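These notes concern the structure reproduced below.
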Amino acid sequence: MANSAKLPKEWRILSRRLFVEPPESVAPQLLGKILAHQTESGWLAGRIVEVEAYLGPHMTHPPDPAAHSFRGITDRNRVMFGPAGHAYVYFIYGMHYCVNVTCEPEGRAGCILIRALEPLLGLSTMAAHRKLPAPVPHPRLTAGPGILCQALGLTRAAHNGLDLLDPASPLQLREDGFEAAPIEVTPRIGIRHAAHLPLRFALSNHSCVSHFKTKKTTV
DNA sequence: CTGTGGATTTGCT
DNA sequence: GCAAATCCACAGG
């Protein structure tokens, strides 16, 4: 009973216009926005504090071989080629889900990986999803692309392809007027290809940003 | 603190 | 077969 049946009315749904653009320009604008998931135990929500942009195959200056869309459409990545503002959820390393927001006009791929949240709503349910005894330090709840999906209860089967900008959707992106600054820009984490591109965006010095290891690069 | 192995889907070679 | 947009448990210094 601790969680809300409704989201605060001052949290507004984002405009789809924002997402019908290249992901490298949308990504920094997602910082400070809110990802919210409606579950049987109420709404779970967190503020986005770290994201990465992944460019579609139409982008050649530079190309982005790290993106799942780089070699074209597959069963897994199909929603990335659909309309903007939808959820692309994929399963990785046999273990974790990661959630992205699709960008670009329909027919073009491009997305933004949500890498870390600051928990806002439903913290005890998040702790239960994480199988950790509450109270859990906030970074242990949602600082990382895999664990934030675990905390919010997101899966490919249930959430891949959902419209994030529909007020009737169980998974939504909203804003509350939070000013996201200052922002730091760095290379992306955990990739080998195009590892030098400055496509990771995070709120500077935020405690819920993920701890990261940079991999060996091949390109 | 550092390093290593395991969980086991998806898609390319 | 194998690498990947990850995380955690556990071993050792």
Side-chain angles (χ1 to χ4, degrees), chain A residues 19 22-24 26-28 30-31 35 46 48-57 59 62-82 86-104 109-117 119 126-134 136-161 164 184-202 207-219:
Chain A
F19 298 92
E24 69 272 27
V26 180
L30 256 193
L31 292 176
L35 180 65
I48 298 168
V49 300
E50 179 182 353
V51 297
E52 285 176 355
Y54 286 86
L55 313 181
M59 298 291 292
D64 187 4
H68 287 173
S69 59
F70 184 63
R71 293 166 202 280
I73 193 165
T74 68
D75 282 345
R76 176 174 64 165
N77 69 22
R78 187 170 55 251
V79 310
M80 265 202 278
F81 292 84
H86 288 242
Y88 167 50
V89 183
Y90 68 90
F91 193 66
I92 191 71
Y93 295 117
M95 191 58 126
H96 296 288
Y97 295 96
C98 296
V99 63
N100 299 250
V101 183
T102 62
C103 296
E104 301 276 21
C111 68
I112 298 161
L113 170 69
I114 299 178
R115 286 196 54 90
L117 302 174
M126 291 186 192
H129 286 164
R130 295 272 292 114
K131 298 178 178 165
L132 296 170
V136 182
H138 291 187
R140 295 259 307 155
L141 228 36
T142 52
I147 66 174
L148 78 85
C149 284
Q150 190 184 358
L152 291 188
L154 304 182
T155 64
R156 173 165 146 85
H159 303 98
N160 188 49
L164 296 167
E184 62 186 34
V185 184
T186 75
R188 294 171 295 183
I189 295 169
I191 59 170
R192 300 203 201 182
H193 299 289
H196 60 287
L197 297 178
L199 292 175
R200 172 178 171 270
F201 304 84
S207 66
C208 292
V209 167
S210 69
H211 294 296
F212 61 88
K213 298 175 272 195
T214 306
K215 277 192 187 172
K216 243 189 244 184
T217 71
T218 51
V219 175

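Note that the structure is a prediction, hence the values are computed from the model and not measured. Labels below follow one simple rule: chain letters A, B, ... track the order of the sequence lines, proteins then strands, and each chain is numbered from 1.
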Would you mind classifying the nucleic acid contact of [X] as base, sugar-phosphate or nothing, using non-hydrogen atoms under 4.0 angstrom?
| X | answer |
| --- | --- |
| A:I147 | sugar-phosphate |
| A:R188 | nothing |
| A:D75 | sugar-phosphate |

Could you list the residues that satisfy side chain to side chain contact (heavy atoms under 4.5 Å, CB included) with [X], not counting sequence neighbours?
| X | value |
| --- | --- |
| A:P22 | A:E24, A:S25, A:E104 |
| A:T155 | A:Y97, A:A157, A:A158, A:H159 |
| A:H96 | A:I92 |
| A:V79 | A:Y88, A:T102, A:N160 |

Consecutive-pair stems (3 or more, Watson-Crick or G-U, under 3.5 Å) for DNA chain C: B:1-7 with C:6-12, B:9-12 with C:1-4

Closest nucleotide among B:dC12, C:dT6, C:dA5 to the A:Y90 side chain: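 Nearest nucleotide to the side chain: C:dA5.
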
Contacts of type side-chain hydrogen bond (donor to acceptor under 3.5 Å, both in side chains), residue A:E50, not counting sequence neighbours: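 Partners of A:E50 under the side-chain hydrogen bond (donor to acceptor under 3.5 Å, both in side chains) test: A:R115, A:R200, A:S210.
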
With sequence neighbours excluded, residues passing side-chain hydrogen bond (donor to acceptor under 3.5 Å, both in side chains) with A:D64: A:R188

Set of residues satisfying salt bridge (charged side-chain N to carboxylate O under 4.0 Å, His left out) with respect to A:R71, sequence neighbours excluded: none

Atom pairs under 3.5 Å: protein N/O with N/O of nucleotides 11-13 of chain C:
none

Every protein N/O within reach of nucleotides 2-9 of chain B N/O, cut-off under 3.5 Å:
residue	atom	partner	partner atom	Å
B:dT8	O4'	A:G94	O	3.4

Within this structure, what is the [atom1]-to-[atom2] distance between [X] and [N], rounded to whole angstrom?
| X | N | atom1 | atom2 | result |
| --- | --- | --- | --- | --- |
| A:R78 | B:dT10 | CZ | P | 12 Å |
| A:F201 | C:dA5 | CZ | P | 18 Å |
| A:N160 | B:dT10 | CG | P | 11 Å |
| A:Y97 | B:dT10 | OH | C1' | 12 Å |

Partners meeting ring pair (Phe, Tyr, Trp, His ring centres under 6.0 Å) with A:F70 (sequence neighbours left out):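 Counting only residues at least two positions away or on another chain, A:F70 forms no ring pair (Phe, Tyr, Trp, His ring centres under 6.0 Å).
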
A:R200 side chain near C:dA5 phosphate (N/O to OP1/OP2, under 4.0 Å): no

Phosphate OP1/OP2 of C:dA3 contacted by A:R192 side-chain N/O (<4.0 Å): no

Enumerate donor-acceptor pairs with a distance under 3.5 Å from any side-chain N or O in residues 137-145 of chain A to protein atoms, sequence neighbours excluded.
residue	atom	partner	partner atom	Å
A:T142	OG1	A:L117	O	2.6

A:N77 (side chain) donor-acceptor with A:H68 (main chain) under 3.5 angstrom: yes

